[in-house]
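What follows is a short report on a single structure.
Each residue takes its place number in the sequence, starting with 1.
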Amino acid sequence: MDDEIAAVRGEALRSLPALPCACGAATEPSEVGGLPRLLRRLAGGHGSSQVGGVPLLAEGEPWPLGPGGEPLRLLARVDYSEAPRVPGLPAKGLLQLFVSREPDLGLGEEGGFRVLWRPEGARGLTERPDPLSDPYPALPVAFGRGLSESEPFDVDFRAEEAFALKWNELHPGLPVSKYHEDADRYASGCGFTWGLSAEDERECTDVQLGGYPDFLQVDPRSYDPDERRYDALALQVSPPEWSGIELGDGGRAYLFAPAEALARGDFSDVMFWWDCG
């Protein structure tokens with residue numbers, strides 16, 4: 001039934017609309033420290049967006065701490081006003097994502113990550129040195145001028161739901177609920193569906209706002225129906241191999257929020273995840 005599985009998978013993916021997203025490229029810091037930020041300012045932004053480095057905080061604002069009181073580390077900061085306007089995302093505001101240090105990187109105890117959101121953006125803030133003096137390297141991020149289109153990946157919970165709906169209509173005697181785990185039982189060999197996934201792998205931008213996530217493994221939301229409320233991607237960070245920023249083995253980080261809340265600039269209820277190759 002390999003051909004049938006592949007056909008239904010294709011139908012499921014085509015049934016989901018492409019979503020707009022803003023893509024940014026991380027660049028190596030210049031030997032002249034202020035040059036990348038100057039260039040970004042001349043391009044119209046404040047030059048606040050970067051992967052790694054240190055945060056922008058107000059005078060007297062406390063450093064974000066983990067569940068044990070340890071200082072968290074900045075993974076990325078993004079000024080939405082520096083990126084093309086993505087429907088469903090705030091037009092402006094500074095988002096800063098902090099994670100715990102190795103090995104958990106935010107996925108350990110509750111509170112292992114923190115999000116700081118400043119609707120008015122970066123003005124009036126200054127960079128604060130890392131209390132433990134081991135920040136990630138600071139990589140300036142430059143966003144493209146226009147929006148890109150993001151296509152769904154077959155591990156996305158929405159793609160799995162679409163596959164199950166179509167497949168169960170056609171084959172009521174061979175039920176599926178999770179695409180990879182269930183459809184593989186009817187294929188000619190174990191791992192057939194993952195082979196289809198590998199054929200669809202595509203280049204991933206260093207920073208993405210909005211659109212579909214490009215998971216390296218599975219969509220964690222597919223295992224818990226309650227987590228499917230986090231249906232909008234606020235930020236995806238895929239540090240370049242040369243960056244010195246390691247999330248496991250070539251990992252990628254994702255920050256989700258409910259779509260309605262994200263459109264209002266409400267980051268009070270978010271979900272953080274990272275996976276690796």
Side-chain angles (χ1 to χ4, degrees), residues 19-27 40 45-56 64 72-100 105-107 112-119 121-122 135-136 138-144 147-150 152-153 156 204-216 219-221 227 229-240 243 245 247-248 251-276:
L19 297 178
C21 64
C23 297
T27 57
R40 284 180 290 159
H46 301 304
S48 303
S49 300
Q50 64 183 45
V51 175
V54 296
L56 292 165
L72 300 178
R73 181 159 53 182
L74 181 75
L75 178 59
R77 66 190 203 202
V78 172
D79 191 328
Y80 281 93
S81 69
E82 297 175 3
R85 175 75 165 90
V86 181
L89 268 65
K92 63 178 182 177
L94 179 69
L95 173 69
Q96 300 188 89
L97 173 61
F98 296 78
V99 299
S100 57
L105 300 173
L107 292 186
F113 77 96
R114 283 278 309 279
V115 170
L116 295 185
W117 170 247
R118 186 179 171 94
Y136 286 124
L139 309 177
V141 172
F143 287 96
L147 294 177
S148 300
E149 280 199 342
S150 172
F153 196 34
D156 191 290
C204 181
T205 185
D206 300 329
V207 174
Q208 178 179 315
L209 308 178
Y212 292 100
D214 285 305
F215 290 110
L216 290 166
D219 184 347
R221 301 170 297 177
E227 290 185 344
R229 73 180 187 274
Y230 301 112
D231 54 352
L233 181 66
L235 172 64
Q236 177 178 286
V237 181
S238 183
S243 68
I245 299 176
L247 301 174
R252 191 170 294 158
Y254 319 85
L255 184 69
F256 301 99
E260 291 185 2
L262 184 57
R264 300 193 305 269
D266 179 359
F267 288 86
S268 61
D269 180 23
V270 295
M271 174 184 177
F272 173 72
W273 183 255
W274 69 269
D275 58 9
C276 60

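- In this structure a side-chain-to-backbone donor-acceptor pair under 3.5 Å is missing from Ser150 to Leu19.
- Contacts of Arg221 classified as salt bridge (Lys or Arg N to Asp or Glu O under 4.0 Å), with partners at least two apart in sequence or in another chain: Asp156, Asp219.
- A donor-acceptor pair under 3.5 Å is absent between the side-chain atoms of Glu227 and the main chain of Arg229, judged by distance alone.
- Residues Arg252 and Ser238 approach most closely at NE-OG, 3.2 Å, considering heavy atoms.
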Intermediate values then yes/no, side chain to side chain contact (heavy atoms under 4.5 Å, CB included), Val207 and Phe143: CA-CA 8 Å; Val207 174; Phe143 287 96; 4.0 Å; yes

CA sep, side-chain torsions, deciding dist, call: Leu139, Ile245, side chain to side chain contact (heavy atoms under 4.5 Å, CB included): CA-CA 10 Å; Leu139 309 177; Ile245 299 176; 4.0 Å; yes

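- Separation of atoms OG (Ser81) and CG (Leu94) is listed at 9.0 Å; rounding is to 0.5 Å.
- Between Tyr136 and Val51, every side-chain heavy-atom pair lies at or beyond the 4.5 Å cut-off.
- Counting heavy atoms from C-beta on, the side chains of Pro90 and Leu262 come closer than 4.5 Å.
- Checked against Phe272 for a ring pair (Phe, Tyr, Trp, His ring centres under 6.0 Å), the options Tyr254, Phe113, Tyr230 give a single hit: Phe113.
- In this structure, Leu97 and Leu255 approach most closely via the heavy-atom pair CD1-CD1, 4.4 Å.
- Proximity of Asp206 to Val141: side-chain heavy atoms (C-beta onward) are nowhere separated by under 4.5 Å.
- Of the possible donor and acceptor atoms, one in the side chain of Gln50 sits under 3.5 Å from a partner among the backbone N and O of Gly52.
- Distance check, rounded to the nearest 0.5 Å: SG of Cys21 to CG of Leu147 gives 7.5 Å.
- For the pair Arg77 and Ser48, the tightest heavy-atom approach, listed with the atom from each and the gap, is NE-O, 2.6 Å.
- Legend: residues meeting ring pair (Phe, Tyr, Trp, His ring centres under 6.0 Å) with Phe267, ordered by chain and number and at least two apart, are Trp117.
- For the pair Ala122 and Leu56, the tightest heavy-atom approach, listed with the atom from each and the gap, is CB-CD1, 3.9 Å.
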Side chain to side chain contact (heavy atoms under 4.5 Å, CB included) assessment of Tyr212 paired with Leu233: CA-CA 7 Å; Tyr212 292 100; Leu233 181 66; over 6 Å; no

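- Of all the heavy atoms in Gln236 and Cys204, the pair that sits closest is NE2-SG, 3.2 Å.
- Among all heavy-atom pairs drawn from Ala76 and Leu235, the shortest one is CB-CD2, 4.3 Å.
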Pair Asp275-Phe215, side chain to side chain contact (heavy atoms under 4.5 Å, CB included): steps then yes or no: CA-CA 7 Å; Asp275 58 9; Phe215 290 110; 3.9 Å; yes

